[in-house]
Undergrad: 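Dropping a structure here in structure tokens format, bear with me for questions.
Scope of the values below: all heavy atoms of this structure, side chains included, with no hydrogens, waters or symmetry mates.
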Amino acid sequence: MNEIDNRVIVVIPTYNERKTLPGLLGYLFDTVAECDVLVVDDASPDGTGEWASEYAQRQSRLHVLHRPAKSGLASAYIDGFRWCLDRGYTHLVEMDADGSHRVTDLRAMIDRACQLDGPDLVIGSRWIPGGKTQGWAPHRIALSKLGNLYIRLMLNLKVADATAGFRVYRADFVRRMPLDDIQSAGYGFQVEMTRMVASLNGKIVEVPIVFLERRAGDSKMSGAIIIEELVHVTRWGIERVLRR
């Protein structure tokens with residue numbers, strides 16, 4: 001990777017991630033020397049945002065964006081992306097704070113994103129050869145694979161893991177995306193962004209990753225979030241068929 005030409009920032013939304021964020025940031029800063037980090041904290045009751053701001057006083061590569069309340073994953077990333085675009089970064093990374101995304105996989109994803117063919121989106125994929133999960137029950141694996149199959153069929157996306165939340169965007173491409181049109185509030189945001197990149201003829205590549213079970217805290221996935229994603233995908237698929 002050419003550190004002169006590329007400026008990479010990792011956007012990490014947080015809500016009650018005090019137990020896992022310190023270890024993640026320490027390892028990330030030690031391992032991926034060219035990355036900055038933006039923590040987008042939604043007024044975490046456990047003090048995540050305050051801890052991050054204190055750490056940022058000692059670590060110049062860390063920045064913190066404080067939001068007044070919990071407002072959803074989609075808006076956290078959109079606010080974070082806009083903060084980064086205003087400051088001239090060339091690549092924007094999405095990464096979870098709960099330890100499920102490995103820093104070793106981030107290294108490979110950044111290297112792929114910065115290759116000369118210039119992909120617009122690099123997805124860290126669980127469901128291509130070499131990708132896998134650790135600590136997941138069989139029914140959870142089946143549900144994720146079936147969900148991604150449904151997404152591919154309904155939206156005609158040539159992506160194995162459209163729901164993945166570990167990814168790298170080329171900033172110049174994100175500038176072209178109508179982020180104000182995003183309809184999803186939760187994890188459906190990942191599918192919607194993938195669909196939007198494809199609709200703008202962006203180049204999408206997948207890199208295999210190992211997705212780990214979260215190390216601490218409670219999952220923010222809920223039945224309402226799954227239903228939201230299902231409703232959106234179904235409606236987008238019907239609209240695609242009607243436009244033919």
Undergrad: Compare every heavy atom of Pro68 with every heavy atom of Ala43, then report the nearest pair and how far apart it is.
TA: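 In terms of heavy atoms, the two residues are closest at CB-O, 3.5 Å.
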Undergrad: Say whether, by atom type as modelled, one donor and one acceptor occur between the side chain of Glu192 and the main chain of Gln183 under 3.5 angstrom.
TA: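 Such a contact is found between Glu192 side chain and Gln183 backbone.
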Undergrad: Between Ser75 and Gly72, is there a donor-acceptor pair closer than 3.5 Å when you use the side chain of the first and the backbone of the second?
TA: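 The answer is yes, because a donor-acceptor pair under 3.5 Å joins these two groups.
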Undergrad: Could you go through Arg102 and Val210, starting from their C-alpha distance and side-chain angles, then the distance that decides it, and tell me whether this counts as side-chain contact (heavy atoms from CB on, under 4.5 Å)?
TA: CA-CA 7 Å; Arg102 303 192 310 172; Val210 177; 3.6 Å; yes
Undergrad: Report yes or no: do Lys203 and Asn201 form a side-chain donor-acceptor pair below 3.5 Å?
TA: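 No, because no side-chain N or O of Lys203 sits under 3.5 Å from a partner of the opposite role on Asn201.
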Undergrad: Report the relative orientation of the aromatic rings in Trp51 and Tyr55; use parallel for angles under 30°, tilted for 30 to 60°, perpendicular for over 60°.
TA: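 Plane angle between 30° and 60°, so tilted.
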Undergrad: Whether the Asp36 and Tyr89 side chains hold a donor-acceptor pair (N or O, under 3.5 Å, no angle test) is what I'd like checked.
TA: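 Their side chains do contain a donor-acceptor pair, which is all the 3.5 Å distance test asks for.
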Undergrad: Side chains of Gln190 and Glu229: any donor to acceptor distance under 3.5 Å?
TA: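 There is no such pair between these side chains.
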Undergrad: Using the side-chain contact (heavy atoms from CB on, under 4.5 Å) rule, pick out the option among Leu65, Val39, Leu73, Leu38 that qualifies with Pro13.
TA: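 It is Leu73, the one option of Leu65, Val39, Leu73, Leu38 that forms the side-chain contact (heavy atoms from CB on, under 4.5 Å) with Pro13.
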Undergrad: Can you find a side-chain donor-acceptor pair between Trp127 and Ser144 that sits under 3.5 Å?
TA: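 The criterion, which ignores hydrogens and geometry beyond distance, is satisfied for Ser144 and Trp127.
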Undergrad: Quick test of your reading of the model: are Arg140 and Glu213 salt-bridged, counting only N-O distances below 4.0 Å?
TA: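 Yes, this pair counts.
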Undergrad: I'd like to know if the side chain of Asp42 reaches the main chain of Ser71, judged simply by a donor and an acceptor atom lying under 3.5 Å from each other, with no hydrogens or angles considered.
TA: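 Such a contact is found between Asp42 side chain and Ser71 backbone.
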Undergrad: Any side-chain to backbone donor/acceptor pair from Thr48 onto Ser44? Under 3.5 Å, distance only.
TA: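 Judged by distance alone, no pair lies under 3.5 Å.
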Undergrad: Looking only at atom types and distance, does a side-chain atom of Gln59 sit under 3.5 Å from a main-chain N or O of Arg61, one as donor and one as acceptor?
TA: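 Looks like yes, one N/O pair under 3.5 Å.
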Undergrad: Does the distance from a Lys or Arg side-chain N to an Asp or Glu carboxylate O, for Arg107 and Glu34, drop under 4.0 Å?
TA: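 Judged by the 4.0 Å cut-off on N to carboxylate O distance, Arg107 and Glu34 do form a salt bridge.
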Undergrad: Parallel, tilted or perpendicular, judged at 30° and 60°: which one describes the rings of His101 and Phe211?
TA: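 His101 vs Phe211 ring planes: perpendicular.
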Undergrad: Let me see the working for Arg167 and Leu121 under side-chain contact (heavy atoms from CB on, under 4.5 Å), right down to the final yes or no.
TA: CA-CA 7 Å; Arg167 44 181 68 196; Leu121 170 59; 3.9 Å; yes
Undergrad: Measure from the ring center of Phe81 to the ring center of Tyr169 and say whether it is less than 6.0 Å.
TA: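 Yes - the distance between ring centres of Phe81 and Tyr169 falls below the 6.0 Å cut-off.
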Undergrad: Looking only at non-hydrogen atoms, find the nearest pair between Leu153 and Arg240 and report the distance.
TA: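 Looking at all heavy atoms of both residues, the closest pair is O-NH2, 3.3 Å.
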Undergrad: Grab the two heavy atoms, one from Val64 and one from Gly49, that are nearest each other, plus how far apart they are.
TA: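 Val64 and Gly49 have their closest heavy atoms at CG1-O, 4.4 Å.
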Undergrad: Give a yes or no answer on whether the side chain of His91 reaches the backbone of Arg170 with a donor-acceptor pair at less than 3.5 Å.
TA: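 No, the answer is negative, given that no donor and acceptor are paired below the 3.5 Å cut-off.
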Undergrad: Can you tell me if Thr163 and Asn148 form a side-chain donor-acceptor pair at under 3.5 Å?
TA: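 The criterion, which ignores hydrogens and geometry beyond distance, is satisfied for Asn148 and Thr163.
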Undergrad: Taking it one step at a time, do Arg176 and Asp120 satisfy salt bridge (Lys or Arg N to Asp or Glu O under 4.0 Å)?
TA: CA-CA 11 Å; Arg176 296 171 45 200; Asp120 301 301; 5.7 Å; no
Undergrad: Evaluate the side-chain contact (heavy atoms from CB on, under 4.5 Å) criterion for residues Val40 and Tyr77: first the C-alpha distance (whole Å), next the side-chain angles of each, then the deciding distance (0.1 Å), finally the verdict.
TA: CA-CA 8 Å; Val40 183; Tyr77 272 126; over 6 Å; no
Undergrad: Is Leu230 reachable from Leu157 through a run of I, L, V, M, F, W or Y residues, each pair having side-chain heavy atoms under 4.5 Å apart?
TA: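 Both belong to a single hydrophobic cluster.
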Undergrad: Take Val32 and Leu106, measure what side-chain contact (heavy atoms from CB on, under 4.5 Å) needs, and give me the verdict at the end.
TA: CA-CA 8 Å; Val32 190; Leu106 174 62; 4.3 Å; yes
Undergrad: Determine whether Leu149 and Ile141 fall in the same hydrophobic cluster, where Ile, Leu, Val, Met, Phe, Trp and Tyr are linked whenever their side-chain heavy atoms lie under 4.5 Å apart.
TA: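 Per the 4.5 Å side-chain linkage, Leu149 and Ile141 are not co-clustered.
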Undergrad: Check for me whether Arg87 meets the cation-pi criterion with Trp83, that is, NZ or CZ under 6.0 Å from the six-membered ring centre and within 45 degrees of the ring axis.
TA: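 Judged by the rule, Arg87 and Trp83 form a cation-pi pair.
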Undergrad: Check Thr90 against Asp5 and note the closest heavy-atom contact, atom names and distance.
TA: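 Heavy-atom minimum between the residues: CG2-O, 3.7 Å.
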Undergrad: Between Asp161 and Lys145, is there a side-chain N and carboxylate O pair less than 4.0 Å apart?
TA: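 No, no charged N to carboxylate O under 4.0 Å.
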Undergrad: Are any of the side-chain nitrogens in Arg67 or Asp79 under 4.0 Å away from the carboxylate oxygens of its partner?
TA: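 Yes.
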Undergrad: Provide the closest heavy-atom pair for Leu92 versus Cys84 in the form atom of the first, atom of the second, distance.
TA: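 Scanning both residues completely, I find the closest heavy atoms to be CD2-CB, 3.6 Å.
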Undergrad: So, the side chain of Glu94 versus the backbone of Val168: is there a donor-acceptor pair under 3.5 Å, distance only?
TA: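 Side chain of Glu94 to backbone of Val168: no pair is present.
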Undergrad: Does either side chain, that of Thr14 or that of Asp41, offer a donor lying less than 3.5 Å from an acceptor on the other one?
TA: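 There is such a pair (donor and acceptor under 3.5 Å, judged by atom type) between the side chains of Thr14 and Asp41.
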Undergrad: Between Glu206 and Ser125, what is the shortest heavy-atom contact and its length?
TA: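 Residues Glu206 and Ser125, closest heavy atoms: OE1-OG, 3.0 Å.
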